[in-house]
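Residue numbers run from 1 in the order of the sequence given. All values derive from a computational prediction rather than experimental measurement.
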Amino acid sequence: MGTGRPVTMSWRRRSLLAAAMSTAALSACRPAPSAAPAASVQLQGGWVGASHARGHRLRESKSGALPAVAVQRRARVLVLGAGVAGLAAARAWRQAGVDDVQVLELEDSPGGNARGHRLGGMACPLGAHYLPLPVAESREVAQWLFELGLLRHESGRTVPDPRHLCHSPQERLFIDGQWVDGSLPPAAPGSATLAQYRLFGERVAALSAPVAGGRRFALPAHRAVPDAQTVALDRQTFASWLAAEGLDDRRLLWYLDYACRDDYGAGLDTVSAWAGLHYFASRHGFHATGDEADDADAVFTWPEGNGWLTARLAAPLQERLHGGRTVLRVAEGRHGVDVVAWDEATSRLEGWTADTVICALPLFVAARLFDPAPPALREAAAALRYAPWLVANLHIDAPLLERQGVAPAWDNVIYGSAGLGYVDAMHQSLRAVPGATVLTAYHALPMADRGDLLKRPWTDWAERVLQDLDTVHPDLRQRLQRIEMMRYGHAMAVPVPGLQDRAALQALRAMRGRVRFAHADLAGYSVFEEAFVAGCESAAPRR
Ligand SMILES: Cc1cc2nc3c(=O)[nH]c(=O)nc-3n(C[C@H](O)[C@H](O)[C@H](O)COP(=O)(O)OP(=O)(O)OC[C@H]3O[C@@H](n4cnc5c(N)ncnc54)[C@H](O)[C@@H]3O)c2cc1C
């Protein structure tokens, strides 16, 4: 699971790279690992996260009348869902002076797709695991990072706290029998591949250039200035745009497909050209290996991934955060909004009435709560396609034998693999000698796999994860202590063609009545900045 950007080196990383290189030299001296898979050992582990029965309670409750509410409560603002958007919404309303903000969340702990986990005594991610340095339009994110001390002003510049930036080496790719630096496949000087890398980089640079009133690609996306070109890009797949541009190099296409699967949960045949280009153009461009690039591709990361961030968003809520509450109904009345939730701990229904409700839930869930759902919500939910994901945390008791090439990085990607690679939870630790760790492997799955993700035993999925990694780590099974996996049936909205143009999504974002919506789904794709800004905007005054 990569940050998906070609590697660039800052002074900070270069100095650390020297140390990493000596480890690489050492590892090259170790005996080559045996290619034969280890004798089969019974796997220890299982699924983590709330049982799917909770989510499905909503479906079941639709078919019959609900029992009587056992307890009735009131709130000025009630936020449904404690993902990044819900937590940011709660923070924004409290900053706006509303103290009585209560949050209902289906899982026992907050964070949504950006939750942390612990395995073998070590923190590790369950989902989202990095945050790039914010771009200009993500001003709410930047402001919060300043509050947290992750950013500071120094001689008129914005400077990140290097302790929270991903340490070097950030990424490596296994290709042609060895590990190489960065996630972009290497291209020889003068090769056709390098020429295509440069051509793609030029296309991205042209689209990134400022236009009257802002940029064509911004993050969050609704702060961009769309034009005929971006509208046309949204109407076709990325694959068809690349073909029309004559961009057909195998390595470039693999890399772009990987980047789309990594950020959007689906490949370049499925996502729009707008989305494929937005990935680079909204942030820091695309730079071919060896080309000039700055330090802007640095990312913040923590052992528990973005769980570090969501824990800090959730902390001030204390008893206002109600975990284990599955929201089943929302109905707007004359004097407020009525919400019914199932309390998993007491197995009884809780009724809430609030002046304002922030629906910070995936839109396909939100659409099932209302009877009838507002037309814009029905339309938006019907237009969204969700990618299922599998996240596997593998506790290993010692470092793995190394293949040829550069030293282990935070993010380790395998060329041509169906998976997205793995990140190392102990990468940010300052321990002198590598030891036990947790590797977090990511798989964005085809939509057709959703049923199997629910039905097939966890051991089948663990086997799939291990087989993907066997090619680079034949000794992994010997070192493996335990594997714990999180399955997301509807992990993220896939930015298919036509979504940016959807009036329904824009209408939901603009709603400023008693019921408001805040979720990454409003953008038609899912990243931290979209979710956070949607949460903040939910507290904007009524028009
Ligand atoms: C595996 C994975 C890796 C990712 N990696 C990154 C990354 O590295 N960087 C990045 O920027 N983004 C990443 N993302 C995208 C990530 O989804 C967003 O960054 C962000 O976390 C989305 O937040 P959200 O609040 O919009 O949605 P969600 O996280 O979906 O939050 C919705 C919340 O609503 C709750 N809920 C659902 N139904 C109900 C109900 N009926 N009642 C009560 N509560 C309910 C859910 O449990 C959840 O907590 C990743 C996503 C996944 C799935």
Side-chain angles (χ1 to χ4, degrees), residues 1-5 7 48-49 83-85 87 107 109-120 122-134 141 145 148 150 160-161 163-173 183 258-265 279 283 297-314 387 389-396 408-414 419-429 437-445 465 468-469 483-488 491-492 520 525-532:
M1 173 82 177
T3 58
R5 275 173 292 282
V7 76
V48 295
V84 172
L87 294 172
E107 296 274 353
S109 57
N113 290 339
R115 268 179 303 148
H117 185 55
R118 285 194 81 77
L119 180 57
M122 288 167 277
C124 53
L126 268 192
H129 54 286
Y130 73 93
L131 175 67
L133 297 185
V141 178
L145 297 182
L148 287 177
L150 294 179
D161 181 339
R163 290 170 304 175
H164 298 272
L165 287 181
C166 183
H167 298 167
S168 177
Q170 186 165 310
E171 288 177 313
R172 66 175 182 170
L173 176 69
S183 57
Y258 162 77
C260 290
R261 289 186 292 126
D262 190 41
D263 247 28
Y264 302 135
Y279 183 87
R283 288 200 168 123
D297 70 331
V299 299
F300 290 114
T301 190
W302 301 270
E304 66 273 48
N306 289 3
W308 191 92
L309 292 169
T310 50
R312 274 150 188 81
L313 275 177
W389 278 63
L390 175 70
V391 179
N393 277 302
L394 301 104
H395 173 206
I396 54 171
W410 167 63
D411 192 3
N412 305 269
V413 179
I414 306 168
L420 294 166
Y422 64 88
V423 294
D424 181 347
M426 290 301 281
H427 182 76
Q428 295 296 94
S429 86
T437 191
V438 177
L439 306 179
T440 309
Y442 290 86
H443 286 249
L445 302 171
V465 170
D468 183 53
L469 299 176
I483 176 165
E484 293 192 343
M485 295 182 297
M486 177 72 203
R487 52 187 160 171
Y488 296 96
M492 54 173 70
Y525 76 106
S526 190
V527 293
F528 184 94
E529 296 92 322
E530 293 285 1
F532 190 89

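Nearest heavy-atom pair, P160 versus L133, reported as atom, atom and distance to 0.1 Å: CB-CD2, 3.9 Å. Counting all heavy atoms, side chain and backbone alike, C166 lies closest to Q170 at SG-CG, 3.7 Å. In plain terms, the two heavy atoms of L173 and S183 that are nearest each other are CD2-O, 3.5 Å. When every heavy atom of P125 is checked against every heavy atom of N393, the shortest pair comes out as O-ND2, 2.8 Å. Across all their heavy atoms, A425 and T437 have their closest contact at N-OG1, 4.1 Å. Minimum heavy-atom separation, G265 to M492: N-SD, 3.8 Å.
Atom CG of L394 sits about 11.0 Å away from atom CG of D424, to the nearest 0.5 Å. Distance check: L131 CG to L145 CG gives 6.0 Å after rounding to the nearest 0.5 Å. M122 contributes atom CE, which lies 8.5 Å from atom CD1 of I396 (distance to the nearest 0.5 angstrom). Here the CZ-CG distance, from R312 to N306, works out to 12.0 Å after rounding to the nearest 0.5 Å.
Counting only N and O atoms by type, the side chains of H167 and W410 include no donor and acceptor under 3.5 Å apart.
Without hydrogens or angle criteria, R283 side chain to Y279 main chain gives no donor-acceptor distance under 3.5 Å. Put simply, the side chain of E304 never gets that close to the backbone of L126: no donor and acceptor are under 3.5 Å apart. In terms of modelled atom types and a separation under 3.5 Å, the side chain of Y442 and the main chain of A128 share no donor-acceptor contact. Side chain of N412 to main chain of A409: a donor-acceptor pair is present (N/O by atom type, distance under 3.5 Å, no hydrogens or angles). Proximity of a side-chain donor or acceptor of N113 to a complementary backbone N or O of A491 within less than 3.5 Å is detected. Panel note: side chain T301, backbone H129; a donor-acceptor pair is recorded below 3.5 Å. Distance alone, capped at 3.5 Å, is enough to place a donor-acceptor pair between the T310 side chain and the A114 backbone.
Counting only heavy atoms from C-beta outward, the side chains of M426 and P303 never approach each other to under 4.5 Å. The shortest side-chain heavy-atom distance between H395 and C124 does not fall under the 4.5 Å cut-off. In this structure the side chain of I483 never reaches within 4.5 angstrom of the side chain of L119, judged on heavy atoms. Counting only heavy atoms from C-beta outward, the side chains of V84 and L309 never approach each other to under 4.5 Å. Proximity of M486 to H117: side-chain heavy atoms (C-beta onward) are nowhere separated by under 4.5 Å. Contact check for L148 versus F300: no side-chain heavy atoms found under the 4.5 Å cut-off. Side-chain contact between F532 and L313 is present, with at least one heavy-atom pair separated by less than 4.5 Å.
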Walk me through it: do W302 and Q428 pass the test side-chain contact (heavy atoms from CB on, under 4.5 Å)? CA-CA 7 Å; W302 301 270; Q428 295 296 94; 6.0 Å; no
